[in-house]
Amino acid sequence: MPIVLFYENAPAGAAARIESGLATVLDHFPELAGRIGRDELGRHCIHLNNEGAIFVEAVCSSELAPFLDKRGNDVKDLVGSSTLELGDGMNRVPLIIQVTRFACGGLALSWEGHHRVCDGSAHTQFLLNWASAARTGSLTPGFVPLIHDRSFLSPRDPPVVEDPLVEFVHKPMSRTTVPGQEVLTLTENLTSKQISHLKSLCGNKYTTYETLSAHFWRCMTAARDFEDRSTLVGHFCPANGRSILNAPPGFFGNAIYHTFVQTSAADLLDGSLEHAAGLIRQAVKRASNRVFLESVIDYLALEQAGEDDRPPQAEAKDQSWIPNVMIPCWSRFPLYEVDFGFGDPFRFSTVNVGIEGVFTIGPPRKDGITEVLINVRKEHAQSLLAHLGN
């Protein structure tokens, strides 16, 4: 998932400072300097061979301002994998960085981190330590050395999938293939007042994530305008398994899993926003236990054992979540606190990975705006904006 941070008035030596901080911090995060591959038994692994992250420095002759309102493929030139045209080789590299200087003195910093290596929480840990190393020469106070022991993520022997929902949620065919679809990336900016209003419609009983994801789920379902209102529509909810599995301090990896809720389009649209939020809460509660999460680990182990016999998945640009949605939440990621010594970023963006039906809830900006990035089919875009209230 490529992420881009935008900075104003970066000094002339900003790129060198960022690169120096990266060299320092990678000594403490060797997974990001290694390469993704297989071990002698054919299992997925990270080779801690210190081949290094890829670092690209670029110059843009235009001003920064026109890029701030661009999304998706319109900002792909700010991302290293696009600049270098790495192709399939990108799948082996855990970390790709690009620093782009603009004529106005602004700067864009992009990084692409591989989800096989770590999730968003772990990436945040890395980012803050990287910024600290560039700014002060040392890591953040209280930094806990990383551990490489992932035994707490090991499957049981023999693996047992105790909840049938696990297989449905995590099987590769959860997404559909739609060759040639055109996917746009839209932005929805929500003020704190608007979020409070939506929460009040739910009786102020639900979290911000439950409320917003219920709102987006309903709006996308309405925009898709299913001819058969009995069509089952679903919502994939990401969850963090660290606390359930008692992940040790210093764990650097991926502990994200998903649960799922489903109902008919008629039930979702005819019911209230509070009803939809309640469905999401029930789904998260069902999956927030060790039995469910151990079943996820066991299922993924069984899947990995047989994955070489499966045909390759379609390219991301041809994949869709329809009739469902996927709504990850980055609201607790301190993206606006990544200070390399020349101030905090003032905007963030992401490059369109092409999968339709994804809403990414960003962290609140300093002005209180919560930015939501939306991947939607071109033919549904105007209707979606209308249902969102734009």
Side-chain angles (χ1 to χ4, degrees), residues 38-39 41-46 115-122 147-176 206-207 209-210 213-214 217 231-264 267-268 275-311 313 319 321-329 355 357-358:
R38 302 271 186 152
D39 65 11
L41 299 178
R43 298 172 300 185
H44 290 294
C45 71
I46 306 166
H115 271 158
R116 281 197 186 275
V117 178
C118 57
D119 55 25
S121 297
I147 63 166
H148 306 299
D149 181 5
R150 285 171 164 74
S151 58
F152 73 98
L153 290 172
S154 298
R156 293 168 289 188
D157 187 14
V160 180
V161 180
E162 299 176 68
D163 191 323
L165 179 63
V166 169
E167 181 174 0
F168 177 81
V169 171
H170 291 88
K171 66 181 180 180
M173 295 307 294
S174 293
R175 297 192 290 261
T176 56
Y206 295 93
T207 66
Y209 175 76
E210 291 166 342
S213 58
W217 183 23
T231 298
L232 294 177
V233 296
H235 176 350
F236 287 87
C237 311
N240 192 332
R242 281 170 169 75
S243 61
I244 297 173
L245 294 172
N246 298 315
F251 166 67
F252 184 79
N254 194 328
I256 297 299
Y257 66 107
H258 296 92
T259 185
F260 182 71
V261 58
Q262 187 179 59
T263 189
S264 69
D267 179 67
L268 184 65
H275 170 64
L279 292 175
I280 293 168
R281 176 171 288 185
Q282 291 172 18
V284 172
K285 184 177 180 180
R286 172 177 176 176
S288 298
N289 61 80
R290 194 173 186 92
V291 170
F292 187 93
L293 193 44
E294 287 180 340
S295 291
V296 170
I297 293 170
D298 289 357
Y299 175 77
L300 294 177
L302 293 170
E303 276 289 292
Q304 179 174 311
E307 70 178 5
D308 291 335
D309 299 325
R310 295 196 305 268
Q313 285 199 56
Q319 293 185 48
W321 286 106
I322 196 167
N324 309 312
V325 295
M326 164 71 82
I327 308 182
C329 184
I355 302 176
V358 179

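In this text, all values refer to a predicted model and were calculated from it rather than measured experimentally. We number each residue from 1, following the sequence as shown.
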Should [X] and [Y] count as side-chain neighbours, where that means a heavy-atom distance under 4.5 Å?
X      : Y      : answer
Arg290 : Asn246 : yes
Pro323 : Leu232 : no
Ile327 : His235 : yes
Asn240 : Ile256 : yes

Nearest 0.5 Å, what's the [atom1]-[atom2] distance between [X] and [Y]?
X      : Y      : atom1 : atom2 : value
Ile280 : His275 : CD1   : NE2   : 10.5 Å
Phe236 : Phe168 : CZ    : CZ    : 5.5 Å
Thr207 : Arg281 : OG1   : CZ    : 6.5 Å
Ser213 : Met326 : OG    : CE    : 12.0 Å
Glu167 : Glu303 : CD    : CD    : 7.5 Å
Arg286 : Leu165 : CZ    : CG    : 4.5 Å

Taking all heavy atoms of [X] and all of [Y], pick out the closest pair and write down the distance.
X      : Y      : result
Ala214 : Ala277 : CB-N, 3.6 Å
Gly234 : Trp217 : O-NE1, 3.3 Å
Phe152 : Leu245 : CD1-CB, 3.9 Å
Cys45  : Arg38  : SG-C, 3.4 Å
Cys237 : Tyr209 : CA-OH, 4.0 Å
Ala122 : Asp119 : N-OD1, 3.1 Å

Got a donor-acceptor contact below 3.5 angstrom from the [X] side chain to the [Y] backbone?
X      : Y      : value
Tyr257 : Ala287 : yes
Arg150 : Phe251 : no
Asp163 : Phe292 : no
Thr263 : Leu268 : no

Exercise. Only counting residues at least two apart or in another chain, list the ones meeting side chain to side chain contact (heavy atoms under 4.5 Å, CB included) with Arg156.
Key: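 Applying side chain to side chain contact (heavy atoms under 4.5 Å, CB included) to Arg156 gives Val160, Glu162, Glu294, Ser295, Asp298.
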